[in-house]
Amino acid sequence: MPTRIHRSAQVEDSIDALVERLLRRRGWRVRVLPYTCYGTGGAVRVLARVLLTPPGTRRREVESGRGWRRFLSAPVTGVGVTVIIGEHVHEVVSGRGGYVDTSVPAECTPGWTTMRLSAEGSPPAVAPLRVVGPDATLGVVCDIDDTVMITALPRPLLAFWNTFVRHETSRRAVPGMAHFLRTLLATDDDGFIAYLSTGAWNVAPALEGFLTRHRFPPGPLLLTDWGPTADGWFRSGREHKRAELRRLITGLPQLGWVLVGDDGQHDPEIYDEAAEAAQDKVRVLAIRQLTPAEQVLTHGSPEPLSELPSSPARAGRSVRVLRAPDGNGLLDAFRERGLLD
């Protein structure tokens, strides 16, 4: 974090502090909204957000309704959060925007379990926790927009409609993608998947509901914040993905990775950079090919926005690149090349 944050962030923080004081006077109370967390046998990454809500508000009331309501929350910065993981108890503090994103030491048994988070006497919120064991060998990173969910997100009008108006139950899943990911993870009983997107954390509960309804394998979401950052007016989606990939690959060194994305934006370029930086860890790049019509809706041209670079250095790499228009095609490509045991 820079020692001096950007002026836009200072303005946002001042507004948030004023809103917090006003709402606390009206009796609003602190609550913790947990996200799916992950970790290893010795450390856990805690992901959550601290918000102010009216007295008596239930979690499902915050998460339900049309998309725009999820952006009308009151984040609380600098609030102590108690994290309980088994016998381990930790105290952490919410950062800018009310977000909690920190690692704490904890000895956990591999597999799925839960953890509890509370703040200022609020009822404990239960967060799913995926612990990756030392014997796990497969990790999957999967993009969301136009990889698992058909969105054409960058088109301004459609992006606004999808985010703020359209209900998540009306969104369509990419054909065969859920089956492809389930089949891929079935090759390793301890396989781990994370969903990486430049979408806002405000829609995390809706995305979790979408993934569950369409039978995608469960895993943590790694999203971002749309507001001003500590060093600029807006966050960089590409830098967010680069940073999260580095954190996953270095934090879970026992895993070999399959990176799943689409060619409508910059996934091929970002994934290729990750493969170049960690050639012994990234095994396969699986790229969904958008149709020319989808390409036009996404960025205005019928051609892919980003192609994998061609270079002599790339020719000597062991990482494989597979392309197909949907999950069924990617599954067939994996089988044809003997990549599914």
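- Here Arg320 contributes atom CZ and Phe334 contributes atom CZ; the two are 9.5 Å apart, rounded to the nearest 0.5 Å.
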Worksheet item: So Val93 and Val81, side chain to side chain contact (heavy atoms under 4.5 Å, CB included) or not? Walk me through it.
Response: CA-CA 6 Å; Val93 178; Val81 178; over 6 Å; no
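- Between Thr198 and His240, the shortest heavy-atom distance links the atoms CA-CD2, 4.3 Å.
- Put simply, the side chain of His214 never gets that close to the backbone of Val174: no donor and acceptor are under 3.5 Å apart.
- Thr250 places a side-chain N or O within donor-acceptor distance of the main-chain N or O of Arg246, the cut-off being under 3.5 Å.
- Inter-residue side-chain proximity for Ile287 and Tyr271 is flagged as met; some heavy-atom pair is nearer than 4.5 Å.
- Residues passing the side-chain hydrogen bond (donor to acceptor under 3.5 Å, both in side chains) test with Thr114: none are found, sequence neighbours excluded.
- Looking at Thr212, its side chain never comes within 3.5 Å of a backbone N or O of Gly209 through a donor-acceptor pair.
- When all heavy atoms are compared, the tightest approach of Val79 to Ala119 is CG1-CB, 3.9 Å.
- Counting heavy atoms from C-beta on, the side chains of Thr102 and His90 never come closer than 4.5 Å.
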Practice prompt. Go through the steps to decide whether Glu91 and Thr82 satisfy the test side-chain hydrogen bond (donor to acceptor under 3.5 Å, both in side chains), and finish with yes or no.
Written response: CA-CA 5 Å; Glu91 295 292 334; Thr82 301; 2.8 Å; yes
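- Residue Glu87 qualifies as open at atom CD: its count of foreign heavy atoms under 6.0 Å is 12 or below.
- What you find for Pro75 and Gly98 is that their closest heavy atoms are CB-N, 3.8 Å.
- Using the six-membered ring where Trp is involved, Tyr35 and Trp201 have ring planes that are parallel, under 30° apart on the 30 and 60° scheme.
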Item to complete: Tell me, with the steps shown, if Leu322 and Val284 meet side chain to side chain contact (heavy atoms under 4.5 Å, CB included).
Response: CA-CA 7 Å; Leu322 305 181; Val284 183; 4.2 Å; yes
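- No more than 12 heavy-atom neighbours from other residues, nucleotides or ligands sit within 6.0 angstrom of CZ on Arg215.
- Side-chain contact check for Asp267 versus Leu259: every heavy-atom pair is 4.5 Å or farther apart.
- Using modelled atom types, no side-chain atom of Asp262 and backbone atom of Arg288 make a donor-acceptor pair closer than 3.5 Å.
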Item to complete: Check the pair Leu129 / Val44 against side chain to side chain contact (heavy atoms under 4.5 Å, CB included), numbers first and verdict last.
Response: CA-CA 8 Å; Leu129 170 60; Val44 168; 3.6 Å; yes
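- Atom CZ of Arg182 is surrounded by more than 12 heavy atoms from other residues, nucleotides or ligands within 6.0 Å.
- For the pair Leu138 and Leu255, the minimum side-chain heavy-atom distance is 4.5 Å or more.
- One N or O on the side chain of Arg337 and one on the backbone of Ala333 form a donor-acceptor pair closer than 3.5 Å.
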Worksheet entry | Pair Arg242-Glu276, salt bridge (charged side-chain N to carboxylate O under 4.0 Å, His left out): steps then yes or no | CA-CA 12 Å; Arg242 290 186 179 109; Glu276 177 71 24; over 6 Å; no
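- Between the Tyr195 side chain and the Gly219 main chain, no donor and acceptor come within less than 3.5 Å of each other.
- Of the candidates Val140, Leu252, Leu245, Leu252 is the only one forming a side chain to side chain contact (heavy atoms under 4.5 Å, CB included) with Trp257.
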Item to complete: Could you give me the CA-CA distance, side-chain angles and deciding distance for Asp143 and Lys241, then say whether salt bridge (charged side-chain N to carboxylate O under 4.0 Å, His left out) is met?
Response: CA-CA 9 Å; Asp143 177 52; Lys241 285 193 171 184; 2.9 Å; yes
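- Taking CZ from Arg31 and OG from Ser122, the interatomic distance works out to 8.5 Å, rounded to the nearest 0.5 Å.
- Taking 4.5 Å as the limit, some side-chain heavy atom of Thr147 sits within range of a side-chain heavy atom of Cys142.
- Here OG of Ser197 is found 11.0 Å from CD of Glu244. Values are rounded to the nearest 0.5 Å.
- Taking both residues in full, the closest heavy atoms of Thr137 and Arg283 are given as O-NH2, 3.2 Å, listed atom of the first, atom of the second, then distance.
- Remark: the backbone N or O of Leu290 is paired with a side-chain donor or acceptor of Asp263 at under 3.5 angstrom.
- With respect to Arg49 and Asp101, no salt bridge is recorded, no charged nitrogen being found less than 4.0 Å from a carboxylate O.
- For the atom pair Leu52 CG and Glu120 CD, the distance stands at 8.0 Å (nearest 0.5 Å).
- The hydrophobic clustering, which links ILVMFWY residues whose side-chain heavy atoms are closer than 4.5 Å, places Phe180 and Leu340 together.
- For Arg130 and Tyr38, the side-chain atoms include no donor-acceptor pair closer than 3.5 Å.
- The side-chain heavy atoms of Pro34 and Val126, taken from C-beta on, include no pair separated by under 4.5 Å.
- For the pair Val104 and His88, the minimum side-chain heavy-atom distance is 4.5 Å or more.
- Annotation for Pro218 and Trp112: closest pair O-CZ2, 3.6 Å, computed over non-hydrogen atoms.
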Practice prompt. Just do the side chain to side chain contact (heavy atoms under 4.5 Å, CB included) check on Ile144 and Leu221 with the steps written out, would you?
Written response: CA-CA 10 Å; Ile144 293 179; Leu221 298 174; 4.0 Å; yes
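- No continuous path of ILVMFWY side-chain contacts below 4.5 Å connects Val131 to Ile84, so the two sit in separate hydrophobic clusters.
- The main-chain N or O of Val76 is found under 3.5 Å from a side-chain atom of Ser94 such that the two form a donor-acceptor pair.
- The side-chain heavy atoms of Leu222 and Leu248, taken from C-beta on, include a pair separated by under 4.5 Å.
- More than 12 heavy atoms of other shown residues, nucleotides or ligands fall within 6.0 angstrom of atom CG in Asp332.
- Heavy-atom contacts from other residues, nucleotides or ligands closer than 6.0 Å to CZ of Arg29 number 12 or fewer.
- Checking side-chain atoms of Asp326 against main-chain N and O of Gly176 turns up no donor-acceptor pair under 3.5 Å.
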